[in-house]
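Since the structure comes first, as structure tokens, the remarks are kept for the end.
Every heavy atom of this structure was used, including side-chain atoms; hydrogens, water molecules and symmetry mates were not.
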Amino acid sequence: MLDEWRFADPDRLCREAPAPVLTLRRRQLAAGGAANTAVNLAALGARPTLVAPIGSDAAGDDLRDCLDRAGVRDRTVTQSDWSTPVKRRLLAADQILLREDEGSDDDPLTADGVRQLQDTLAAVATELPAAPTLVICDYGLGALPEPLRCWLIAHRDLFATVALDAHDLTTWQGLRPTVITPSFTEATRLLTGGASECHAGSGAVGAGSPPIGHDRTEFAQTHLVELRERTGAEVVAVTLDVDGTVVAGADGGRHRSRATPVPASQAVGAGDAYLAAMTLALATGAAVPAATHLAQLAATATVADTGTCVCDRERLLAALRPVAPPARPGGVTAADDSTPSCVVDTETLIEAVARHRAEGRRIVFTNGCFDVLHRGHVRYLDQARTLGDLLVVAVNSDESVRRLKGPERPVNPVEDRAEVLAALSCVDFVVVFEEDSPASLIEAVRPDVYVKGGDYPPEMVPEAPLVRRLGGQVRTLGYVPDRSTSAIIDRIRAHAADRRPNGATGGDKGPSLSEPRS
């Protein structure tokens with residue numbers, strides 16, 4: 001299929017309707033669907049050949065130009081009665097306003113078209129000295145009708161590694177693919193669907209759908225073995241968009257990768273990059289954990305810009321570079337050089353988070369004063385860390401705490417508060433911020449998960465709209481009952497008052513917590 005992107009500027013509202021008037025700035029054409037998978041394979045260093053039906057139309061000509069520029073060998077089969085599918089997106093200020101799909105799936109390939117594709121596939125498979133890798137992309141648009149599917153299943157042995165990406169996996173049972181990459185929806189459809197007519201002896205199906213509100217990751221991990229059994233695939237990689245992937249291989253091991261939440265306009269085609277990298281890794285003998293890591297890196301490295309995602313070797317190599325330890329912080333002044341290296345300034349934090357995210361790690365962010373660290377804080381931070389791979393704690397500066405809590409706070413200066421937090425094993429980075437709200441830090445870090453403490457729904461968190469706009473999730477975790485900084489300070493004050501004659505404060509007992517600190 002062909003992807004068309006139209007970038008426009010909104011000028012004013014239309015007189016005829018409550019709609020914006022747009023001025024077209026530029027038009028961008030890109031290979032889409034299976035063609036984009038082929039383009040990603042070429043960009044990663046393979047020599048792909050695309051075999052697919054294509055229309056005798058302007059969109060078909062544009063698509064062939066895209067393939068030629070990308071270095072994809074074009075073995076498409078022109079069909080005079082076939083329309084090349086087009087996905088046309090109109091954007092204003094990089095926000096997708098509408099998508100128009102062109103090309104109907106109501107007209108499946110003719111018997112002659114099926115024969116042409118079979119002959120082309122057989123010729124491509126036998127042209128090479130060794131059995132090639134086959135990648136099947138079936139989006140249910142009529143390009144792979146049942147006779148062609150059955151032919152591919154019957155001729156599976158012409159190919160070495162076989163990767164399958166299909167909207168309906170139930171029609172491909174019997175293929176024995178090396179790897180399948182279903183989305184969560186596609187995986188559950190397989191677990192509850194039927195078998196294809198061209199697969200004899202398939203067993204009954206009936207795993208059931210996940211209960212409403214059930215965690216997708218947990219459900220997918222639970223059914224990985226069943227998915228392997230139903231498809232005969234050696235490797236199953238269930239893609240969970242913003243939640244990354246869960247993967248299982250023939251050895252029974254389970255592997256997890258993390259994704260980077262981005263606006264939907266930046267993730268178009270990221271699945272094609274994942275499929276291309278996963279296929280190449282397995283075809284060249286990589287172990288499943290390494291293939292999982294490489295595939296997620298390829299998908300993650302492509303989502304920086306709006307448009308159809310393509311990952312090339314340079315991007316993948318850059319993402320593979322090891323994460324360097326953060327530099328000595330510049331935002332916190334310590335009494336000596338013993339400040340932990342995970343206490344960083346904002347600039348260092350942003351750079352470190354970017355490197356960790358490029359390696360597929362999930363970023364968790366929380367903030368607070370953390371004036372007198374207590375058991376409630378520690379348990380809360382431990383729970384927050386389990387929601388991802390990297391926990392960033394933002395700490396209010398002393399001035400910020402005074403504005404929020406009053407002139408008697410904080411009890412402990414920010415240098416002490418930051419260093420105590422940094423000593424916790426669950427905390428990866430600590431950063432100090434001067435504002436009353438962490439909004440600017442959230443916008444810079446773009447956390448996958450934003451965590452706040454309290455017994456209230458996420459909708460009541462002031463930062464929730466910002467986090468969701470950036471593609472993240474919001475979670476609230478309750479504190480341990482009767483464990484709060486204010487309660488601890490009140491108990492200390494009460495105890496100090498009880499020990500002084502007539503409730504006096506001062507004397508030779510030293511300053512109370514209500515007195516200004518020197």
Side-chain angles (χ1 to χ4, degrees), residues 1-3 29-87 103 105 107-166 172 175 177-178 269 272-273 275-277 279-280 283 308 310 312:
M1 64 182 69
L2 180 71
D3 282 351
L29 299 176
N36 187 48
T37 301
V39 168
N40 273 276
L41 285 164
L44 290 170
R47 295 188 296 275
T49 299
L50 180 65
V51 179
I54 194 169
S56 179
D57 49 24
D61 293 339
D62 288 334
L63 182 53
R64 283 196 168 98
D65 289 341
C66 292
L67 296 175
D68 182 61
R69 289 194 300 271
V72 176
R73 186 183 180 204
D74 182 3
R75 293 296 296 271
T76 55
V77 176
T78 302
Q79 303 290 299
S80 58
D81 53 356
W82 179 268
S83 297
T84 304
V86 179
K87 290 185 178 180
D105 58 353
D107 300 319
L109 282 175
T110 63
D112 183 59
V114 170
R115 282 193 296 271
Q116 291 182 59
L117 286 173
Q118 290 173 354
D119 292 343
T120 304
L121 282 164
V124 170
T126 55
E127 285 170 358
L128 301 173
T133 292
L134 173 67
V135 182
I136 300 172
C137 300
D138 181 9
Y139 305 110
L141 297 178
L144 284 162
E146 185 177 339
L148 190 53
R149 294 197 303 271
C150 290
W151 185 92
L152 285 166
I153 292 170
H155 292 81
R156 163 67 176 85
D157 292 338
L158 287 175
F159 306 95
T161 300
V162 174
L164 174 63
D165 180 22
W172 287 98
L175 178 66
T178 308
D272 303 329
L275 175 63
T279 303
L280 277 181
T308 304
V310 175
D312 56 30

**OP:** Output the distance between atom OG (Ser56) and atom CG (Asp61), rounded to the nearest 0.5 Å.
**Re:** 7.5 Å
Original post:
Just how far is it from atom CG of Asp74 to atom CG of Leu67, taken to the nearest 0.5 Å?
Top reply: 5.5 Å
Original post:
Between Pro145 and Leu109, what is the shortest heavy-atom contact and its length?
Top reply: CD-CD1, 4.1 Å
**OP:** Please name the pair of heavy atoms, one in Ala52 and one in Leu117, separated by the smallest distance, quoted to 0.1 Å.
**Re:** C-CD2, 3.8 Å
Subject >> Shortest non-hydrogen separation from Gln79 to Gly113 and the atoms involved >> reply: OE1-CA, 3.4 Å
**OP:** Give the C-alpha distance, both sets of side-chain angles, the deciding distance and a yes or no for side chain to side chain contact (heavy atoms under 4.5 Å, CB included) between Trp172 and Leu144.
**Re:** CA-CA 11 Å; Trp172 287 98; Leu144 284 162; 4.1 Å; yes
Subject >> Exercise: do Thr84 and Arg64 side chains pair donor with acceptor under 3.5 Å >> reply: no
Considering only distance and modelled atom types, tabulate donor-acceptor pairs under 3.5 Å from the side chains of residues 32-43, sequence neighbours left out.
{"unit_1": "Asn36", "atom_1": "OD1", "unit_2": "Asn40", "atom_2": "ND2", "d": "3.4"}
{"unit_1": "Asn36", "atom_1": "ND2", "unit_2": "Asp272", "atom_2": "OD2", "d": "2.8"}
{"unit_1": "Asn36", "atom_1": "ND2", "unit_2": "Cys309", "atom_2": "O", "d": "3.2"}
{"unit_1": "Thr37", "atom_1": "OG1", "unit_2": "Asp272", "atom_2": "OD1", "d": "3.4"}
{"unit_1": "Asn40", "atom_1": "OD1", "unit_2": "Cys311", "atom_2": "N", "d": "2.8"}
{"unit_1": "Asn40", "atom_1": "ND2", "unit_2": "Asn36", "atom_2": "O", "d": "2.9"}
{"unit_1": "Asn40", "atom_1": "ND2", "unit_2": "Cys309", "atom_2": "O", "d": "3.3"}

Original post:
Can you tell me if Thr110 and Asp112 form a side-chain donor-acceptor pair at under 3.5 Å?
Top reply: no
Original post:
Which atoms form the tightest heavy-atom contact between Ala30 and Leu2, and what is the distance?
Top reply: O-CD1, 3.5 Å
Would you mind writing out the side-chain donor-acceptor pairs for residues 121-133 within the sub-3.5 Å range, not counting sequence neighbours?
{"unit_1": "Thr126", "atom_1": "OG1", "unit_2": "Ala122", "atom_2": "O", "d": "2.9"}
{"unit_1": "Thr126", "atom_1": "OG1", "unit_2": "Ala123", "atom_2": "O", "d": "3.2"}
{"unit_1": "Glu127", "atom_1": "OE1", "unit_2": "Arg73", "atom_2": "NH1", "d": "3.1"}
{"unit_1": "Glu127", "atom_1": "OE1", "unit_2": "Arg73", "atom_2": "NH2", "d": "3.0"}
{"unit_1": "Glu127", "atom_1": "OE2", "unit_2": "Arg75", "atom_2": "NH1", "d": "3.2"}

Subject >> CG-CG distance between Leu44 and Asp312, expressed to the nearest 0.5 angstrom >> reply: 7.5 Å
Subject >> Minimum heavy-atom distance between Arg156 and Leu175, given as atom pair plus value >> reply: CD-O, 3.2 Å
Original post:
If every non-hydrogen atom of Ala283 is compared with every non-hydrogen atom of Thr161, which pair is closest and at what distance?
Top reply: CA-OG1, 3.5 Å
**OP:** Determine, stepwise, if the pair Trp82 / Asp57 fulfils side chain to side chain contact (heavy atoms under 4.5 Å, CB included).
**Re:** CA-CA 9 Å; Trp82 179 268; Asp57 49 24; over 6 Å; no
Subject >> pair Leu275-Cys137: side-chain heavy atoms closer than 4.5 Å >> reply: yes
**OP:** List the steps, then state whether side chain to side chain contact (heavy atoms under 4.5 Å, CB included) holds for Asp65 with Leu29.
**Re:** CA-CA 10 Å; Asp65 289 341; Leu29 299 176; over 6 Å; no
Original post:
Can you tell me how far CG of Asp138 sits from CG of Leu152, rounded to the nearest 0.5 angstrom?
Top reply: 10.0 Å
